[in-house]
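Structure first, then comments.
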Protein chains: 2
Amino acid sequence: MRFSKKTEYALRAVLILADHPPNQTLQIQELSSISGVSVKFLEQILLALKKEGILRSKRGVGGGYQLDLPARSITLGQVIRVMDGDLCNLSSTTTSHDTPAYAGSSGLQTRFSEIDTQINQVLNDTSLEEILSMDRPKDVLAFDI
Amino acid sequence: MRFSKKTEYALRAVLILADHPPNQTLQIQELSSISGVSVKFLEQILLALKKEGILRSKRGVGGGYQLDLPARSITLGQVIRVMDGDLCNLSSTTTSHDTPAYAGSSGLQTRFSEIDTQINQVLNDTSLEEILSMDRPKDVLAFDI
DNA sequence: TTATTCCCCACCAATTTAATCGGGAATGAG
DNA sequence: CTCATTCCCGATTAAATTGGTGGGGAATAA
């Protein structure tokens with residue numbers, strides 16, 4: 001059980017955007033060279049993120065992408081969910097008529113849904129801003145002056 | 001991000017075995033019809049579980065499979081790990097030479113490793129017995145007499 | 001009206017997942 | 001001993017998903 005490349009690339013992209021001034025747009029070409037993801041593949045990802053209201057974009061000269069919300073209020077959970085859908089899902093794999101005994105142990109369902117909730121709590125509680133500040137804790141440096 | 005069929009079927013199988021008297025063996029044919037999983041596919045799964053010491057088996061007439069440990073001391077984590085390997089790994093998705101800026105935000109790594117720990121705690125803390133008692137809480141009924 | 005930049009959909013290749021097939025080896029009954 | 005039974009095991013195949021490409025269309029602003 002791991003995260004897909006798409007999810008990983010999406011996280012790279014939004015972190016790059018979060019690391020730039022909020023009213024500056026970045027073109028897909030720039031995002032591509034910074035993140036190391038091909039323009040065409042990134043395109044799919046950015047469009048999906050846009051459709052979900054995480055990014056906004058502008059066409060034509062001087063256009064590009066930017067976050068549609070402050071980095072403080074975009075969470076890992078939101079981004080991941082756009083790309084990968086539900087986390088920790090067991091029941092979605094069972095088809096409609098396929099319900100023999102033990103196909104869906106309700107106890108099992110319950111446990112997995114609890115786990116799902118826990119994961120989501122952590123992911124929905126971590127903002128892009130928080131990730132950035134973990135990467136370069138400049139606040140801490142202030143104390144060294 | 002979801003669990004594979006193999007994992008799901010493995011969980012079905014061990015729950016069925018956990019729901020039978022500990023010293024009774026079930027043949028693969030029975031497990032197949034109860035769980036709704038084909039004999040041949042189930043075979044792969046049971047052999048993997050056996051190799052990891054979760055099941056034991058006996059060949060010939062009257063043979064079959066049974067848990068190699070009490071249901072109380074087999075956890076969801078053990079079963080899932082046999083089928084799917086590591087849970088929730090992000091760092092493994094980045095290849096060696098592929099490390100441009102933002103490829104590995106250390107803050108992101110840290111957060112994901114925290115999440116991984118949390119998931120494992122829940123999964124390693126839930127036994128088959130516990131799942132069964134969630135499915136049919138007969139202890140609760142005793143109070144109604 | 002034209003260069004620029006995002007938008008959209010279809011396609012392809014590689015990998016992984018799901019499942020099947022055809023025997024082989026241990027076990028115990030007779 | 002031999003034979004039915006039941007697990008063991010590797011190879012193969014089919015379907016689905018993932019990762020990635022390509023080509024053209026639509027908005028925007030100079």
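Chain identifiers are assigned alphabetically (A, B, ...) following the order of the sequence lines, protein sequences preceding nucleic acid strands; residue numbering begins at 1 within each chain. Only a predicted model underlies this, so the values are computations on that prediction, with no experimental measurement involved.
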Distance (rounded to the nearest 0.5 Å) between B:Arg111 CZ and A:Met134 CE: 5.0 Å
Phosphate contact (D:dG19 OP1 or OP2) by A:Tyr9 side-chain N/O below 4.0 Å: no
Sugar-phosphate only, base, or nothing, as touched by A:Leu46 at under 4.0 Å among non-hydrogen atoms: nothing
OP1 or OP2 of C:dA18 under 4.0 Å from side-chain N/O of B:Ser38: no
B:Gln29: partners by side-chain hydrogen bond (donor to acceptor under 3.5 Å, both in side chains), with sequence neighbours left out: none
Protein-nucleotide distance (B:Ile45, atom CD1; C:dA19, atom C1'), rounded to Å: 10 Å
From B:Gln44 atom CD to B:Met83 atom CE, the distance as rounded to the nearest 0.5 Å: 8.0 Å
Nearest to side-chain heavy atoms of A:Phe41, which nucleotide of C:dC6, D:dG19, D:dC9: D:dG19
B:Met83 CE - C:dT16 P separation (whole Å): 16 Å
Length of the line joining B:Leu47:CG and D:dT6:P, which is rounded to integer Å: 16 Å
Atom pairs under 3.5 Å: protein N/O with N/O of nucleotides 21-23 of chain C:
| unit_1 | atom_1 | unit_2 | atom_2 | d |
| --- | --- | --- | --- | --- |
| C:dG22 | O6 | B:Lys40 | NZ | 2.2 |

4.5 Å side-chain heavy-atom contact, A:Tyr65 and A:Ile16: no
Short side-chain N/O contact from A:Ser57 to OP1 or OP2 of C:dC7, under 4.0 Å: yes
pair B:Ser32-B:Val39: side-chain heavy atoms closer than 4.5 Å: yes
Donor on one side chain, acceptor on other, B:Ser4 and B:Thr7, under 3.5 Å: yes
Contact check, side chains of B:Phe3 and B:Asp84, non-hydrogen atoms, under 4.5 Å: yes
Shortest side-chain distance from A:Gln27, nucleotide among C:dC6, C:dA19, D:dC7: C:dC6
Rounded distance in Å - CD (B:Gln66) to P (D:dC7): 12 Å
Salt-bridge criterion met for B:Arg81 and B:Glu52 (N-O under 4.0 Å): no
Whole-Å distance separating the NZ atom of A:Lys5 from the C1' atom of D:dT17: 15 Å
Under 3.5 Å: donor-acceptor pair, side chain of B:Ser35, backbone of B:Leu31: yes
Rounded distance (Å) that lies between atom C1' of D:dG20 and atom NZ of A:Lys6: 9 Å
Spacing between B:Asp84 atom CG and C:dT16 atom P, to the nearest angstrom: 13 Å
Protein N or O to nucleotides 27-30 of chain D N or O, pairs below 3.5 Å:
none

Nucleotide D:dG10, atom P - distance to NZ of B:Lys51 in whole Å: 7 Å
